[in-house]
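Contents: one structure, followed by commentary.
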Amino acid sequence: MVRITLPDGSVKEFASAPTAGEVAASIGAGLAKSALGARVSLNATAGELVDLSHRIDQDAKVAIITAKNRDGTVSPDALYLLRHSCAHIMAEAIGRIFPGVQLVYGPPLETNFYYDMAFPEGKAMSTEDFEKVEAEMAKIVAENRPFTRYDLPIDQGMAKLQSEGSKFKLDNAQRAIDAGSTALSWYATGEPGKNWEDLCRGPHVPATGKIGAFKVLSLASSYWKGDEKLDRLTRVYGTAFATKEELESYNKLQDEAKRRDHRVLGKQLRLFHIDEMVGQGLILWTPKGSIVRNELQNFIGNELRRQGYFQVYTPHIGKLDLYRTSGHFPYYRESQYPPIVEHDEMARLASEGCTCGELSNRMASGEIDGYMLKPMNCPHHIRIFASEPRSYRDMPVRLAEFGTVYRWEQSGEIGGMTRVRGFTQDDAHLFVREDQIAEEVLGCLSIVKLIFGTLGMHDYRVRVGLRDPDSAKYVGDPANWDKAEAACRNAAATLGVPYSEEAGEAAFYGPKIDFVVKDVIGRSWQLGTVQVDYNLPIRFDLSYAGADNKSHRPVMIHRAPFGSMERFVGVLIEHFAGAFPCWLNPEQVRVLPISEKSADYANELLAALKAKGIRATVDHGNDRVQAKIKIAAEEKIPYMAVVGPRDAEGRVVSVRTRGSMTPEGANLGEMPFDAFVAGIAAEIEQRLLSGAPGTVQANLTKPV
RNA sequence: GCCACCGUAGCUCAGUGGUAGAGCACACCCUUGGUAAGGGUGAGGUCGAGGGUUCAAUCCCCUUCGGUGGCUCCA
């Protein structure tokens with residue numbers, strides 16, 4: 001007797017061990033038909049995802065997986081099964097088109113799946129083959145062949161793999177054995193021995209026909225086991241859903257993501273430019289993007305003054321010796337631009353016949369000096385701190401600078417504004433007494449909180465990087481580490497958002513708090529960071545005079561709430577989909593005269609707006625208003641002031657937003673001339689988000 | 001850095017072994033129109049760069065630069 005408990009709490013009893021499919025059938029024929037798999041739990045855990053053919057030989061909780069949950073939401077388990085199964089179908093299809101392809105590994109992912117394969121020498125798949133592959137896949141799906149599992153004991157299974165001669169599958173099997181598997185399983189798409197099959201631990205949907213919709217997405221390369229020294233593989237991405245509708249909405253989402261992509265919007269809205277002639281990964285801030293950046297810098301600058309920071313300026317280069325002391329040179333040589341050597345030195349070395357290799361070595365050893373583009377701002381700031389004697393009364397000393405740094409990123413990693421070779425950090429270094437760490441870290445976080453709150457960015461992750469207790473790579477006194485870690489943890493807790501503590505994620509010099517956001521295509525980016533540092537003060541032998549008249553070592557806090565201006569603005573473009581709130585927007589109001597007859601009134605409004613420091617223009621073109629509206633809306637200008645003879649007569653403006661796609665909804669109606677100007681000014685002054693209470697938009701649309 | 005794909009007008013893209021096309025943007029003219037594109041005319045390209053094959057290359061081949069998607073990396 002096997003007792004099966006269903007999710008609603010009801011219990012079914014079976015005389016002999018049923019398969020998951022039989023359990024489904026016992027509940028109803030409809031369920032049996034739509035079932036894709038089951039989740040079986042022997043204890044209180046979430047349980048294991050299994051095939052419908054899986055036999056349940058003891059009492060268990062069983063949930064039958066169908067494409068949609070009972071509440072109509074899409075089941076992640078169902079997608080997992082569909083995609084895992086579709087990976088097999090795609091592999092079979094590709095195998096038909098490219099005989100001799102070796103399979104490596106094909107897992108399902110969050111929104112898609114891939115299959116890594118090794119193509120025979122000289123053969124390669126291209127995106128042009130996608131149609132052919134999809135056509136083959138469609139055939140396999142139409143044949144509705146069952147996924148049939150069979151198990152072999154390890155020795156037989158390994159012998160089978162040996163004879164087939166795939167080192168990749170042999171390795172997969174070996175890893176499964178190492179992980180404790182007692183048998184190896186295969187899945188045939190149809191009949192074992194007759195149809196296509198793959199070593200696979202499963203589970204799968206019952207038959208190929210369950211794949212309602214699929215698509216081959218893209219082609220990429222990967223390394224076997226992610227190791228660049230091992231075989232290079234071809235990775236084919238695809239995705240699958242239970243229905244065509246789901247695939248369509250997935251496609252729509254991808255299009256939407258593309259529309260929000262900061263690289264696309266940045267070009268469309270002329271926010272920044274990357275120029276071949278200037279160099280990869282080097283951002284040129286155009287006038288419009290510069291306005292956004294400037295507003296952000298002013299915003300944070302105000303807060304820094306309030307918190308007692310001192311603004312400093314430092315040059316873009318520094319002597320190699322500075323970086324030998326800080327430890328950046330030569331150890332991080334790979335990620336820095338090569339050093340700059342002076343004319344005389346170069347001439348002398350050339351006459352000696354010094355090779356590049358020698359030059360490099362002699363620089364590393366300190367025999368030759370030169371300058372380096374700064375990879376970080378801290379060394380310069382440290383020298384400012386060290387430039388005068390410091391007393392415990394002066395502490396903390398907070399030095400802030402929008403400092404531009406340069407790093408040599410691999411060419412394949414550079415892209416858009418989020419990964420660049422030159423970027424400006426909203427950097428600051430706080431030189432603090434040990435007893436001030438906790439409070440100062442809190443102060444740093446309050447800035448981050450203010451920024452994220454003001455910009456309405458709530459979808460971020462906080463990571464507290466702690467030291468790995470088993471590692472000896474960390475510098476400093478363990479007792480200090482404990483205190484610093486506690487300070488970071490407590491500070492993170494004040495943010496009111498969930499945070500994760502990650503052991504081993506600390507820098508070697510101290511613990512840190514990182515803020516991580518995702519971009520539209522799901523890539524994670526670290527933005528702001530706060531790091532406690534015990535190391536650099538030692539390397540630079542920093543000190544201050546204590547109350548006891550003895551010399552004490554300060555602790556440094558590195559912090560950059562935005563991270564880098566480039567990356568932050570890139571993420572911000574995507575966050576707002578280019579529609580910046582009024583205070584950040586390059587153009588805040590566009591005045592749209594109905595015709596030339598209203599030109600004077602339009603100019604009067606423009607002058608009044610400009611007098612308040614509002615960024616406004618007039619569209620005096622001979623287009624009709626409809627066209628002017630379309631242009632302004634496409635430029636994502638928050639407010640349009642439509643003015644015609646009626647408005648001039650009543651001294652009002654007709655306000656419209658770039659608003660929604662419903663034209664009527666974006667037309668806000670009339671507002672007195674002075675109230676409009678004052679309303680916009682107030683909205684900017686308070687840095688309100690678009691549509692937030694207090695904005696012109698909200699005031700005009702609020703119910704009477 | 002590695003692999004695949006891509007590079008044609010300011011932008012988005014079509015196209016061909018016989019020296020190029022659309023839409024939008026731009027300029028000018030007509031139109032003065034009340035909430036997401038009125039109409040006409042025109043200008044604009046060394047087809048990313050260098051080399052090769054060919055009677056002939058934007059198209060085929062090689063190299064190079066740049067972009068995209070991944071992999072690897074990221075103090």
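If you're wondering where the values come from, they're calculated on a predicted model, not measured in any experiment. Throughout, protein chains are lettered first and strands after them, A, B, ... in sequence-line order, and every chain is numbered starting at 1.
Counting non-hydrogen atoms under 4.0 angstrom, Val642(A) reaches a base of the nucleic acid. Using a 4.0 Å heavy-atom distance criterion, Glu635(A) is classed as making no nucleic acid contact. Counting any heavy atom pair closer than 4.0 Å across all strands shown, Met376(A) reaches sugar-phosphate atoms only and no base atom. Residue contacts for Gly412(A): at a heavy-atom cut-off of 4.0 Å it reaches a base atom on one of the strands shown.
Atom CZ of Arg624(A) is separated from atom P of G33(B) by 10 Å (rounded to the nearest Å). Atom pair Gln280(A):CD and G66(B):C1' shows a separation of 7 Å (rounding to whole Å applied). Atoms CZ (Phe113(A)) and C1' (G70(B)) sit 16 Å apart, rounded to a whole Å. For the pair Arg656(A) CZ and A36(B) C1', the interatomic distance rounds to 6 Å; values are reported in whole Å. In this structure, the OH atom of Tyr223(A) is 6 Å from the C1' atom of C71(B), given to the nearest Å. The CD1-P distance, from Ile274(A) to G7(B), rounds to 20 Å in whole Å. Rounded to whole Å, atom P of A75(B) lies 15 Å from atom CG of Leu536(A). Atoms CG (Asp227(A)) and P (C3(B)) sit 16 Å apart, rounded to a whole Å.
The number of heavy-atom neighbours closer than 6.0 Å to CZ of Arg175(A), taken from other residues, nucleotides and ligands shown, is above 12. In Lys636(A), the NZ atom is crowded: over 12 heavy atoms of neighbouring residues, nucleotides or ligands sit closer than 6.0 Å.
Nearest-nucleotide mapping onto RNA chain B: of Gly279(A) and Gln410(A), the residue sitting toward the 5' end is Gly279(A). Judged by closest nucleotide on RNA chain B, Ala633(A) is the one of Tyr509(A) and Ala633(A) placed further toward the 5' end.
Listed nucleotides U35(B), G33(B), G1(B) differ in distance to Lys597(A); the shortest reach to its side chain belongs to G33(B). In this structure, the nucleotide among G10(B), G1(B), A36(B) sitting nearest to the side chain of Ser411(A) is G1(B). Proximity note for Tyr237(A) (side chain, C-beta onward) versus G34(B), A75(B), C71(B): the nearest is C71(B). Closest contact between the side chain of Ser595(A) and the listed nucleotides A37(B), U35(B), G33(B) involves G33(B). For Ile629(A), the listed nucleotide lying nearest its side chain is A36(B); candidates were U32(B), A75(B), A36(B). Minimum atom distance to the side chain of Ala627(A) is reached by G38(B), of the listed G34(B), G38(B), G70(B).
Partner of Val216(A) under the side chain to side chain contact (heavy atoms under 4.5 Å, CB included) criterion, chosen from Val133(A), Asp129(A), Ile94(A): Val133(A).
Checked by distance alone, Arg419(A) brings a side-chain donor or acceptor within 3.5 Å of a matching partner on the base of C73(B). Side chain Lys630(A) to base A36(B): no donor-acceptor pair is found below 3.5 Å. Between the side chain of Ser221(A) and the base of A4(B), no donor-acceptor pair of N or O atoms lies under 3.5 Å. Between the side chain of Ser654(A) and the base of G34(B) there is at least one donor-acceptor pair of N/O atoms closer than 3.5 Å. Looking at Ser218(A), its side chain has no donor and acceptor atom pair within 3.5 Å of the base of G70(B). Checked by distance alone, Asp647(A) brings a side-chain donor or acceptor within 3.5 Å of a matching partner on the base of G34(B). With hydrogens and angles ignored, a donor-acceptor pair closer than 3.5 Å exists between the side chain of Asn622(A) and the base of U31(B).
Between Phe119(A) and Phe98(A), the angle of the ring planes goes over 60°, which puts this pair in the perpendicular group of the 30/60° scheme. Relative orientation of the His429(A) and His381(A) rings is perpendicular, given thresholds of 30° and 60° on the angle between their planes. Using the six-membered ring where Trp is involved, Phe168(A) and Trp224(A) have ring planes that are perpendicular, over 60° apart on the 30 and 60° scheme.
Nucleotides G50(B) and A43(B), compared at atom C1', are 31 Å apart to the nearest Å. If you take atom P in G48(B) and the same atom in G7(B), they sit 8 Å apart, rounded to whole Å. Across the C1' atoms, G45(B) and A9(B) are found 5 Å apart, a figure rounded to whole Å. Taking the C1' atom of each, U54(B) and U19(B) are spaced 15 Å apart, rounded to whole Å. The C1' atoms of U35(B) and C30(B) are separated by 24 Å, rounded to the nearest whole Å. A gap of 32 Å separates the C1' atoms of G51(B) and U12(B), to the nearest Å. Spacing between C29(B) and U16(B) at atom P, rounded to whole Å, works out to 40 Å. Rounded to a whole angstrom, the distance from the C1' atom of C61(B) to that of G17(B) is 14 Å.
In terms of phosphate contacts, Lys267(A) brings a side-chain nitrogen or oxygen within less than 4.0 Å of OP1 or OP2 of U12(B). Look at Ser335(A) and you won't find any side-chain N or O under 4.0 angstrom from OP1 or OP2 of C74(B). A close approach under 4.0 Å does occur between a side-chain nitrogen or oxygen of Arg263(A) and OP1 or OP2 of G69(B). The phosphate of C71(B) (OP1 or OP2) has a side-chain N or O of Arg235(A) nearer than 4.0 angstrom.
Checking A14(B) for Watson-Crick or G-U wobble geometry (two distances, each under 3.5 Å) identifies no partner in any strand. Pair assignment for G45(B) gives none, since no Watson-Crick or G-U wobble pairing has each distance under 3.5 Å. Base pairing analysis places U19(B) opposite nothing; no Watson-Crick or G-U wobble pair with both distances below 3.5 Å involves it. In this entry A56(B) has no Watson-Crick or G-U wobble partner, no candidate having both defining distances under 3.5 Å. G69(B): Watson-Crick or G-U partner is C3(B), with both key distances under 3.5 Å. In this entry A9(B) has no Watson-Crick or G-U wobble partner, no candidate having both defining distances under 3.5 Å. Summarising the base pairing, U32(B) is matched to no nucleotide, lacking a Watson-Crick or G-U wobble pair whose two defining distances lie under 3.5 Å.
Considering all non-hydrogen atoms of both residues, Pro561(A) and Val448(A) come closest at CB-CG2, 3.8 Å. Heavy atoms only, all atoms of each residue included: Ile437(A) and Ile557(A) are closest at O-CD1, 4.1 Å. The minimum heavy-atom distance between Met376(A) and Pro379(A), with the atom names listed, is O-CD, 3.8 Å.
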